[in-house]
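Atoms within each ligand, like the ligands themselves, are counted from 1 in listed order. Keep in mind that what you see is a predicted model, and the values were worked out from it rather than measured.
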Amino acid sequence: MPVIKDVVCTLCGCLCDDLEATVEDNKITKVGKACKLGRAKTMGPFLHERIEKPMIRENGELKECSYDEAITKAAEILVAAKRPMSYGWCSTSCEAIEKAILLAEETGSLIDSTANVCHGPSALAAQEKGAPSCSLGTAKNYADLIIFWGCNPVHAHPRHQTRYSTMAKGAFTPNGKKDKKMVVVDPRNTDTAKKADLLLQLKPGTDYVLIEALRAIVNGHEDVLPDEIAGLPKAKVLELAEMCKAAKFGIIYFGMGITQTRGRYKSGDNVSSLISDLNQITKFVMIGMRGHYNVTGFGQVASWETGFPMAIDFSRGYPYYNPGETGTNDVLMRREVDAFITGAADPGAHFPQESVKHLFKIPAIQIDGYANPTTEFSDVVIPAAIAGVECDGTAYRMDCQPIRMKKLVETTFKTDEEILTEIIAKVRELKGNGAKG
Ligand code: SF4
């Protein structure tokens, strides 16, 4: 039985590249080395019902059609719209993302990624204060203090600890966990927290206060602090500060406990300031626990194509960026958008109710391998190959390292890149500028 080695898992931001897939009769029958989530994702095309055919909604019902008809209808919707929005593109290849950005430019659309509801505030924080970071490989080899702040890798990034952090044996931490200290900052006693050397169960929404207190201690001002900080005894905060100062190489892995709680990007930029303060004493870095396997790739491609990592508005004819004004949920909640295209994402399941209500009222186009709540309001549904299983491409890991995804099986589905390329050609034809390069 042919076993394909070094397969890349296309689920979470760990982007594990050591999986082993057994392929029989053009089907994946076994996946070795993956966590449960990764195995389910890699075998997904053979376990779950697919969108088999392109569809267009007529009289309220989705009716099967050809790829050509669906692509033409999608182009017509985008060309007719005054304020179209493109969203998602984080569970697909960088090659497809590049086409999605080109389509947005051609149609004067807004374009945004799933960072809008995830690590977008981290990007704002990095723009304001920087983000002293390193690769996961460096972290594995050097880090002797690992702080998981507002994240729960046991559930969301299951192999993070064994491949890169607490359990991994590194060049300067050859005994793995025995050479490392692990801290968790989280209001809940999560499954990750249960294994920590120190748990700080802070009051929800008080991350900024706790970061500020740590900065005060690190900068020699602990005397100004009260006895209770963020719902924690001062002694516990002092203990963490001492652990940070004593570390040879510390790292804060932060998640949505920072980016989606009170303070949002201000908490993120305060983490950056804390890292800078600690770098006066020892070596410290930070890495955002990015969720989808290629959400980092969207930020990379968008940055080098437009200068901005997300929430980009092409309506002026050049890229304009102002999250809060140009983010997906900003424009949806203001009822500003009159057409919507989404790929490799499920806003129907993950957006606030007010945004979804508006999506039901405007023409929507979905490009995806599977039906999901977004299909319920989509007027054009275009099935796509699954990147990393049915087609190859590039993805970026959470630490901005590019990794090439493999094609494991043949498929008759078009790839996201092909579908978007065909929509672009049709848009140009409809606008009468087919010759544009
Ligand atoms: S940790 Fe993430 S990338 Fe690695 S196998 Fe599990 S789901 Fe896939």
Got the closest protein heavy atom to [atom], with its distance?
atom                    : result
atom 1 (S) of ligand 1  : Arg159 N, 3.3 Å
atom 2 (Fe) of ligand 1 : Cys12 SG, 2.3 Å
atom 8 (Fe) of ligand 1 : Cys9 SG, 2.3 Å
atom 6 (Fe) of ligand 1 : Cys35 SG, 2.2 Å

Close aromatic pair by centroid cut-off 6.0 Å: Phe413 and Tyr67: no
Under 3.5 Å: donor-acceptor pair, side chain of Thr374, backbone of Gly348: yes
Heteroatom test (N, O or S) for Cys14 near atom 6 (Fe) of ligand 1, limit 2.8 Å: no
Glu24 atom CD, over 12 foreign heavy atoms within 6.0 Å: yes
Within 45° cone of Phe172 ring axis and under 6.0 Å: Lys248 NZ or CZ: no
Which of the ligand 1 atoms, numbered from 1, are nearer than 4.0 Å to a heavy atom of Leu11: 7 (S)
Numbering as shown, the atoms of ligand 1 that approach Gly38 to under 4.0 Å (heavy-atom distance): 7 (S), 8 (Fe)
Distance-minimising heavy-atom pair for Gly393 and Glu95: CA-OE1, 3.5 Å
Derivation and outcome, side chain to side chain contact (heavy atoms under 4.5 Å, CB included), residues Leu19 and Asp6: CA-CA 5 Å; Leu19 274 49; Asp6 303 327; over 6 Å; no
Cys16 near atom 4 (Fe) of ligand 1: N/O/S under 2.8 Å: yes
